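We're numbering straight along the sequence, starting at 1. Because the structure is a prediction, the values reported are computed rather than measured.
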Amino acid sequence: MMLKDLREKVYCANMELPKKGLVVYTWGNVSGIDRDKGLIVIKPSGVEYEDLTPENLVIVDMDNNIVEGSLNPSSDTKTHVELYKSFPEVGGIVHTHSPHAVGWAQAGRDIPCYGTTQADYFYGSVPCTRNLTREEVEGDYELNTGKVIAETFRDRKLDPLAVPGVICRCHGPFTWGKDAAKAVYHAVVLEEVAKMAMYTLNVDHNASPAPEYVLDKHYLRKHGPNAYYGQGN
């Protein structure tokens, strides 16, 4: 069996999704990549989490070919592959339909950074992509979803490490990180800040985002060369 260690890590990351309340039924998937080998381990399509094992995860290459596995890979595999190609620093990717993030996606709105919780993890708003065109949907929907995410970051000049997630218009969130576990961590954070932003607008529908200097302080105290949050930075 190939990539035993990565399989175990991706399995554990997938199993965190229902534990953290981010998925119901089979509405989510996690992948991880071995950059040296150019191989991706991903959840199989439509398999219930209670039936998931490290052994029934699927390995695909960067051309979406199945390298090992008897099951079909996630229907979102082409999106994952495209993101790995576009964001070479990324080592793990998560997709869910967590409800608060989906709410913003279905409204077609960025999640504004109203306070320090979001600023600790996302350097500014969480972007919402444009809708895919009819041609993009009917041509190669999952591949073009990845391309539109990459386009959003390119056009807005966003750093995918500083903004480790996105919401796809009328669809839902994708998050990523240095590995599968960190990608899940960011998925949990994204759902929480999406919820907080909704609460903020319920209190004051004219609420303004946090000042940029507050954003800078909270993001940079956890990230970058002069970070001092936590132990051993």
Side-chain angles (χ1 to χ4, degrees), residues 20 22 79 82-84 86-96 98-132 145-179 181-233:
K20 299 299 187 186
L22 294 181
T79 306
E82 186 63 27
L83 292 178
Y84 284 125
S86 298
F87 303 154
E89 307 91 346
V90 166
I93 295 171
V94 173
H95 173 52
T96 76
S98 58
H100 294 89
V102 167
W104 287 91
Q106 291 179 169
R109 291 186 58 183
D110 293 0
I111 304 174
C113 185
Y114 288 119
T116 62
T117 308
Q118 184 166 331
D120 280 339
Y121 300 96
F122 292 88
Y123 191 58
S125 299
V126 177
C128 183
T129 69
R130 64 171 174 82
N131 266 321
L132 273 69
T145 296
K147 288 184 177 295
V148 166
I149 293 171
E151 170 196 290
T152 299
F153 275 70
R154 182 176 61 252
D155 289 353
R156 300 198 195 189
K157 297 180 173 58
L158 297 174
D159 178 355
L161 295 183
V163 183
V166 68
I167 48 175
C168 294
R169 180 76 183 268
C170 300
H171 187 179
F174 283 83
T175 58
W176 46 81
K178 65 179 181 180
D179 54 27
K182 198 66 174 179
V184 171
Y185 187 96
H186 289 143
V188 173
V189 172
L190 176 54
E191 176 62 7
E192 287 299 309
V193 299
K195 185 193 308 182
M196 292 175 185
M198 285 189 180
Y199 289 163
T200 301
L201 290 180
N202 283 339
V203 174
D204 180 359
H205 68 275
N206 291 316
S208 298
E212 187 172 352
Y213 59 85
V214 173
L215 168 63
D216 286 344
K217 180 64 177 180
H218 271 261
Y219 184 81
L220 295 174
R221 74 174 187 166
K222 295 191 76 167
H223 307 275
N226 297 316
Y228 61 87
Y229 177 89
Q231 305 302 316
N233 285 319

Got [X] and [Y] here, is their nearest side-chain heavy-atom distance under 4.5 Å?
X	Y	result
H223	L161	no
P127	F153	yes
Q118	M196	no
C113	F122	no
T152	R169	no
P209	S125	no

To the closest 0.5 Å, what do you measure between [atom1] ([X]) and [atom2] ([Y])?
X	Y	atom1	atom2	value
K147	L132	NZ	CG	11.5 Å
I167	F174	CD1	CZ	12.5 Å
E89	D159	CD	CG	7.0 Å
L215	L220	CG	CG	8.0 Å
K195	T117	NZ	OG1	12.0 Å
E191	L22	CD	CG	6.5 Å

Q.
Would V189 and E192 count as a side-chain contact (heavy atoms from CB on, under 4.5 Å) here? Give the steps.
A. CA-CA 5 Å; V189 172; E192 287 299 309; 5.7 Å; no
Determine the minimum heavy-atom distance between [X] and [Y], stating which atoms define it.
X	Y	result
A183	G92	CB-O, 3.4 Å
C170	N131	SG-OD1, 3.5 Å
I111	W104	CG1-CG, 3.7 Å
F87	A150	CZ-CA, 4.3 Å
L190	P173	CD2-CB, 3.5 Å
V102	G172	CG2-CA, 4.0 Å

Q: Could you label the plane-to-plane angle of the H95 and H171 rings as parallel, tilted or perpendicular, counting under 30° as parallel and over 60° as perpendicular?
A: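 Plane angle over 60°, so perpendicular.
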Q: Given side-chain contact (heavy atoms from CB on, under 4.5 Å), test I149 with E82 step by step and report yes or no.
A: CA-CA 9 Å; I149 293 171; E82 186 63 27; over 6 Å; no
Q. Does atom CD of E212 have more than 12 heavy-atom neighbours from other groups under 6.0 Å away?
A.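 No - once you tally the heavy atoms of other residues, nucleotides and ligands closer than 6.0 Å, there are 12 at most.
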Within the side chain of [X], is there an N or O that forms a donor-acceptor pair under 3.5 Å with the backbone of [Y]?
X	Y	result
D110	P112	no
T175	P164	no
D120	Y219	no

Q | Test salt bridge (Lys or Arg N to Asp or Glu O under 4.0 Å) applied to R130 and E151, step by step | A | CA-CA 10 Å; R130 64 171 174 82; E151 170 196 290; 2.8 Å; yes
Q | side-chain contact (heavy atoms from CB on, under 4.5 Å) between Y123 and D216, worked out | A | CA-CA 8 Å; Y123 191 58; D216 286 344; 2.4 Å; yes
Q. Given C168 and T145, is the side-chain contact (heavy atoms from CB on, under 4.5 Å) satisfied, shown in steps?
A. CA-CA 8 Å; C168 294; T145 296; 4.0 Å; yes
Q: Determine which pairs satisfy ring-ring contact (aromatic ring centres under 6.0 Å, His included) with at least one residue from residues 182-206, sequence neighbours left out, and list them in order.
A: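 Matches after skipping sequence neighbours: Y121-Y185.
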